[in-house]
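Keep in mind that this is a model prediction, so the values were computed, not measured. Residue numbers start at 1 and run along the sequence shown.
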Amino acid sequence: MTRKLLSRWLGLFADVRPDEVALTLLLAARVFVILFGYYLLKPVREALILEHGTPELRSYALAMQAVVLLVAVPLYSYFMRNRVGERIYRSITSFFVANLLIFYLLSINGVPIGTLFFIWLGIFSVGQLAQFWALAADIHTVSAGERVFAIIALGGSLGAVFGSKCAHQLFPLVGSHGMLLVAAILLMLTTVIYKRSGMHAVMPQPNGVKEPVSLGGGFAVVMSSPYLRLVALFVVLLNFINSTGEFIFAKMVVEQAEIAVAAGVAKGVAIGEIYSDFFMWVNAIGLLFQAFLVSRLFRYVGVHWALMILPVIATIGYTMIAFFPIFTVVRLIKIMENSTDYSIQQTTRHALFLPVSANAKYDGKTAIETFFWRFGDLLHAAVIFGGTQFGLSVNQFAMINMTIGLFWITLAWRMGRGYRELAAPHLVAPAKAD
């Protein structure tokens with residue numbers, strides 16, 4: 001009876017059947033805690049690197065993440081070659097918790113960690129979530145995933161909203177040191193949620209079996225699949241455009257912080273507060289999209305058309321910034337772009353891996369969500385470096401995004417067609433019991 005009632009209540013947001021309720025809510029709780037902890041760390045990241053650095057240094061630190069991942073992705077495939085599902089998730093989570101504790105010890109002893117922590121957090125954000133969503137894709141059929149992924153992702157949206165709100169309150173009280181420790185504890189809780197909830201009784205076995213991969217690991221998996229190559233290119237363009245937008249926004253934030261300094265506010269505090277407020281609005285709007293829009297888009301227009309929404313919004317947005325390069329406009333466009341990215345686009349991107357093999361879900365997805373994601377940052381850094389050398393203005397950087405956005409829209413259409421071809425046999429064939 002309880003499951004039926006929960007199923008009806010969840011029906012306000014997505015089509016979750018009674019026998020899917022327990023697993024869906026447990027996965028939603030896990031991603032809630034992951035995103036809550038991450039958003040406690042995002043203002044710390046921005047304050048540490050911008051207080052003593054520049055927006056240009058921030059962009060170059062993004063590029064360094066791709067260099068690190070060039071080595072890390074094959075190592076991941078090697079060490080996780082015999083693991084799938086929950087075993088992979090626990091191993092990666094324990095590794096990241098240990099990293100956070102090391103950063104905490106370094107910071108309380110006065111060691112400058114700004115740039116290194118910025119690089120690490122970027123890798124953590126994509127790596128941790130890649131493992132979570134690889135697991136989610138591997139234990140759901142295509143039809144079930146298209147129905148329940150919106151609810152699972154809603155847990156992440158709630159975590160991001162509450163995390164950013166708490167960060168706004170906690171940052172002035174506990175500072176960078178305390179935020180690191182709190183995030184480490186929360187991350188470890190994501191494995192406790194599994195153990196204490198009895199999740200092992202409802203966690204299905206993975207649908208696929210991993211095959212041995214070559215020395216290239218996830219890179220080889222991606223390069224051998226035309227579909228995954230399209231997904232990888234899509235992700236590169238997505239992050240290039242978003243990171244260039246973040247650079248534009250960071251330039252504006254520094255200008256606003258300098259105005260606050262003249263009024264007697266510390267620069268680091270001003271930056272942290274601006275970003276905390278920004279993240280709060282992004283996640284609040286993203287939460288509304290996730291709760292009431294994503295599942296309906298999947299149901300009525302399909303995953304393939306949902307892919308088109310962010311490229312269209314971003315292209316229109318940067319066209320506006322190109323002609324109106326002021327803080328209010330940039331802030332509004334970035335809020336809409338990021339909220340759409342963190343809700344509609346993010347859930348859609350994870351759904352793209354429902355109809356692929358286990359190797360594609362784990363090794364291929366990890367390569368795409370980590371290296372290829374950060375490769376977009378690497379290209380972005382090259383453009384920022386070249387653009388600053390030639391003295392490009394904010395509106396000229398926006399014009400670059402606008403131009404690439406037109407190609408991105410075309411790519412999204414082609415990739416959506418590829419998804420439909422892969423998913424069709426799974427949707428037509430009799431589905432296994434969900």
Exercise answer: donor-acceptor pairs, residues 300-315 side-chain atoms, under 3.5 Å, sequence neighbours excluded:
from: Thr315; atom 1: OG1; to: Pro311; atom 2: O; distance (Å): 2.7
from: Thr315; atom 1: OG1; to: Gly405; atom 2: O; distance (Å): 3.3

Just distance, no hydrogens or angles: give the donor-acceptor pairs under 3.5 Å from side chains in residues 228-241, sequence neighbours left out.
from: Arg229; atom 1: NH1; to: Met223; atom 2: O; distance (Å): 2.6
from: Asn239; atom 1: OD1; to: Trp373; atom 2: NE1; distance (Å): 3.4
from: Asn239; atom 1: ND2; to: Trp373; atom 2: O; distance (Å): 2.7
from: Asn239; atom 1: ND2; to: Asp377; atom 2: OD1; distance (Å): 3.0
from: Asn239; atom 1: ND2; to: Asp377; atom 2: OD2; distance (Å): 2.9

Next on the checklist: Going by the rule ring-ring contact (aromatic ring centres under 6.0 Å, His included), which residues pair with Phe124 if we only count those two or more places apart in sequence or in a different chain?
Outcome noted: Phe96, Trp120

Checklist entry - Partners of Lys42 by salt bridge (charged side-chain N to carboxylate O under 4.0 Å, His left out), sequence neighbours excluded? => result none

Checklist entry - What residues form a side-chain contact (heavy atoms from CB on, under 4.5 Å) with Thr366, not counting sequence neighbours? => result Tyr76, Gln131, Thr370

Item to check | Donor-acceptor under 3.5 Å (Thr347 side chain, Ile344 main chain) | outcome: no

Next on the checklist: Set out, in order, the CA-CA distance, both residues' side-chain angles and the distance that settles side chain to side chain contact (heavy atoms under 4.5 Å, CB included) for Phe249 and Arg331, then state yes or no.
Outcome noted: CA-CA 7 Å; Phe249 185 62; Arg331 180 177 177 273; 4.0 Å; yes

Checklist entry - Mind checking what makes side-chain contact (heavy atoms from CB on, under 4.5 Å) contact with Thr93, not counting sequence neighbours? => result Tyr89, Val97, Gln128, Leu187, Thr190, Thr191

Checklist outcome for this item: Residues passing the salt bridge (charged side-chain N to carboxylate O under 4.0 Å, His left out) test with Glu369, sequence neighbours excluded, are Arg349, Lys365

Item to check | For Phe95, all residues meeting ring-ring contact (aromatic ring centres under 6.0 Å, His included), sequence neighbours excluded | outcome: none

Checklist outcome for this item: Between Leu354 and His140, the two heavy atoms sitting closest are CD2-O, 4.2 Å

Next on the checklist: Taking ring-ring contact (aromatic ring centres under 6.0 Å, His included) as the definition, give me every residue that meets it alongside Tyr227, ordered by chain and number, with sequence neighbours left out.
Outcome noted: none

Item to check | With sequence neighbours excluded, residues passing side-chain contact (heavy atoms from CB on, under 4.5 Å) with Ala257 | outcome: Lys267, Ala270, Ile271

Item to check | Donor-acceptor contact present, side-chain Arg30 to main-chain Leu26, <3.5 Å | outcome: no

Item to check | Pairwise side-chain contact, Leu422 with Leu352, heavy-atom cut-off 4.5 Å (strictly under) | outcome: no

Checklist entry - Are any of the side-chain heavy atoms of Leu186 and Leu189 separated by less than 4.5 Å? => result yes

Checklist outcome for this item: Contacts of Phe397 meeting ring-ring contact (aromatic ring centres under 6.0 Å, His included) (sequence neighbours excluded), chain-then-number -> Phe247

Item to check | Contacts of Ile151 that satisfy side-chain contact (heavy atoms from CB on, under 4.5 Å) - sequence neighbours left out | outcome: Leu10, Phe13, Ala14, Val16, Thr24, Leu154

Next on the checklist: Between Gln346 (side chain only) and Tyr342 (backbone N and O only), is there a donor and an acceptor less than 3.5 Å apart?
Outcome noted: yes

Checklist entry - Would you say the side chain of Val33 lies within less than 4.5 Å of the side chain of Tyr38, judging by non-hydrogen atoms? => result no

